[in-house]
Amino acid sequence: IKRCNININNLEVRIINAINSKAYEKIKSIDLSNAKNCIFIGSGGSYAGANLSSKIINQLYGINTISLLPRDVYYRNNSQVDQLFLFTYSGTTNDLIEGTSLIDNNKKYVITKGEIQKVVTKTGIPRNNVITYRTNTNKGKERGFLSFEGALAPASLFLKLYFERKNIDGCEQFIKGSINYWKTYFLTYFKNNKKILSHFLQKGSNFNIFTGDYTESAAIDLESKIIESGIYHCLVHEKKNFSHGRFINYEHLNEKKNIYFKQRTTSSYESKLLNYLNNGSNIIIESRYDGILCEYDLLVASQYLIYYISNYLDIDISKPTYSEAAMKIYFYKGTL
């Protein structure tokens, strides 16, 4: 039984249960009216959700928001930070606890599927600041090394806030529609493009992932999943920054394989960039939306792209094999 299959098959119901849990009301009740600086923190699969959520809060409140890895937080001067949002599936991720150890616990909110009491005991963060989307109907806990629910569920909670604050109806329908669209899209794509994919998905391939204009969360997530599963190597390029010399490396590659995320609207620069990349092999993943809706939609797309890649390769990317030496740094629990 492949864990990846189980996690993907249960993804929709887990996400819908999450947005209908008490976690949403707790997020909605956080007073950000006087906040000026907020940091969103995550590692691994949680970092993409932190990135998307930071953009939503910036859009809604005009607050200076940034998303960071835990160790980046530790080496900053955070005296003017009003709130920190910690994205962690377990709720007790050591890096997040250590990375924010110098900051008052009352400023921290934990977004998790973990048990409240366990999080409070291990972190010292106030009970009211632990926001868990754990429910009795949430189809159990996601198992495996890669995170699907852990990437999407927290982002979905903030997406619901975006819908409500913007007076947009149908958040649940939007999420279901996005999941069903990309599930069907990639099922069809992998059936109809076997010749292209046999070249693109060769062992030892190196991919360029292009991001920018509301596609960053998806690129962060896909890069993380590709690297953490150990199946390929990839390099992320911000689309405009690519024009400042990064194309030199690209032009010397033996094989040019590109994964390109884009929103519905195509800018004039993007048209030129896509034309330039036509000399390589491209998988272009285009959302039907612009803006924040695009950002969320493409994060959903990332889950299904990596899932269908794993099916194509006939491997379970949720259960990679690592060396004993690697596990020593993975399970490290000390200071950063």
Side-chain angles (χ1 to χ4, degrees), residues 40 42-52 54-55 58 65-69 71-72 146 151 155 182 186 189 193 196-197 199-287 289-292 294-306 308-309 317:
F40 291 72
S43 59
S46 296
Y47 186 47
N51 179 270
L52 194 154
S54 74
K55 292 185 178 183
N58 173 260
T65 62
I66 55 173
S67 56
L68 294 172
L69 295 168
R71 202 159 181 260
D72 293 330
L146 297 186
W182 290 112
F186 284 116
Y189 185 88
N193 295 278
I196 295 171
L197 290 167
H199 166 71
F200 199 90
L201 298 176
Q202 289 176 339
K203 184 178 180 180
S205 288
N206 294 283
F207 300 141
N208 296 286
I209 299 176
F210 286 85
T211 184
D213 42 357
Y214 297 102
T215 66
E216 186 180 11
S217 301
I220 288 170
D221 182 75
L222 185 64
E223 188 270 354
S224 174
K225 284 181 167 62
I226 288 175
I227 295 297
E228 290 185 22
S229 62
I231 52 177
Y232 299 112
H233 180 69
C234 54
L235 183 64
V236 177
H237 304 284
E238 197 284 325
K239 295 171 185 176
K240 190 63 183 73
N241 194 44
F242 182 76
S243 72
H244 291 273
R246 297 179 75 88
F247 49 74
I248 297 173
N249 173 269
Y250 177 82
E251 291 189 354
H252 287 88
L253 295 175
N254 292 328
E255 291 186 310
K256 300 174 175 62
K257 298 180 178 181
N258 308 311
I259 300 173
Y260 194 101
F261 287 107
K262 73 179 297 292
Q263 59 179 347
R264 179 183 60 183
T265 301
T266 306
S267 70
S268 57
Y269 169 75
E270 190 163 49
S271 295
K272 293 182 182 298
L273 176 58
L274 286 168
N275 185 61
Y276 171 80
L277 296 175
N278 264 338
N279 64 346
S281 299
N282 299 300
I283 293 180
I284 298 174
I285 305 166
E286 181 174 339
S287 175
Y289 308 97
D290 289 323
I292 290 294
C294 164
E295 186 101 22
Y296 182 89
D297 186 50
L298 290 180
L299 183 57
V300 175
S302 175
Q303 314 308 311
Y304 285 94
L305 174 57
I306 196 70
Y308 280 105
I309 288 175
I317 59 171

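Only this structure's heavy atoms are used, side chains among them; waters, hydrogens and symmetry mates stay out. These numbers were taken from a predicted model, which means no experiment stands behind them.
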From [X] atom [atom1] to [Y] atom [atom2], the distance as rounded to the nearest 0.5 Å:
X    : Y    : atom1 : atom2 : result
E255 : Q202 : CD    : CD    : 5.5 Å
K225 : S302 : NZ    : OG    : 5.5 Å
D221 : I226 : CG    : CD1   : 9.5 Å
S229 : I317 : OG    : CD1   : 5.5 Å
Q303 : L222 : CD    : CG    : 9.0 Å
Q263 : D297 : CD    : CG    : 11.5 Å

Might you confirm whether atom NZ of K240 has over 12 heavy atoms from other residues, nucleotides or ligands at distances under 6.0 Å?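 Yes.
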H244, NE2: over 12 other non-hydrogen atoms inside 6.0 angstrom: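 Yes, because the 6.0 Å sphere around NE2 of H244 holds more than 12 heavy atoms from other groups.
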Over all heavy atoms of both residues, which pair between [X] and [Y] is shortest? Give the atoms and the distance, please.
X    : Y    : value
A218 : L298 : CB-O, 3.3 Å
A50  : G42  : CB-N, 4.1 Å
A155 : G49  : CB-CA, 4.2 Å
G212 : K239 : O-NZ, 3.6 Å

Is a side-chain N or O of [X] found less than 3.5 angstrom from the main chain of [Y], in a donor-acceptor match?
X    : Y    : answer
E223 : C234 : no
Y214 : Y289 : no
D290 : R264 : yes

Is there a side-chain contact between [X] and [Y], using heavy atoms and a 4.5 Å cut-off?
X    : Y    : answer
L253 : N208 : yes
E238 : R246 : no
E216 : F261 : no
L299 : E295 : no
N51  : F40  : no
S67  : Y47  : yes
F186 : L305 : yes
H237 : F247 : no

Passes side-chain contact (heavy atoms from CB on, under 4.5 Å), L277 versus Y250? Steps please. CA-CA 10 Å; L277 296 175; Y250 177 82; 3.7 Å; yes
Run the side-chain contact (heavy atoms from CB on, under 4.5 Å) test on I306 and I231 for me, step by step, so that the C-alpha distance in whole Å, both residues' side-chain angles and the decisive distance to 0.1 Å come before the verdict. CA-CA 10 Å; I306 196 70; I231 52 177; 4.1 Å; yes
Just checking F207 against Y232, ring centres under 6.0 Å apart?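 Yes; Y232 has its ring centre under 6.0 Å from that of F207.
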Given the rule in the side-chain contact (heavy atoms from CB on, under 4.5 Å) test, do L274 and K262 qualify, once you have shown the distances and angles that lead to the verdict? CA-CA 10 Å; L274 286 168; K262 73 179 297 292; 4.3 Å; yes
Would you sort out whether N193 and F200 count as a side-chain contact (heavy atoms from CB on, under 4.5 Å), showing the intermediate values? CA-CA 10 Å; N193 295 278; F200 199 90; over 6 Å; no
Which class fits the ring pair F242 and F210: parallel under 30°, tilted 30 to 60°, perpendicular over 60°?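 The arrangement is perpendicular - the two ring planes meet at more than 60°.
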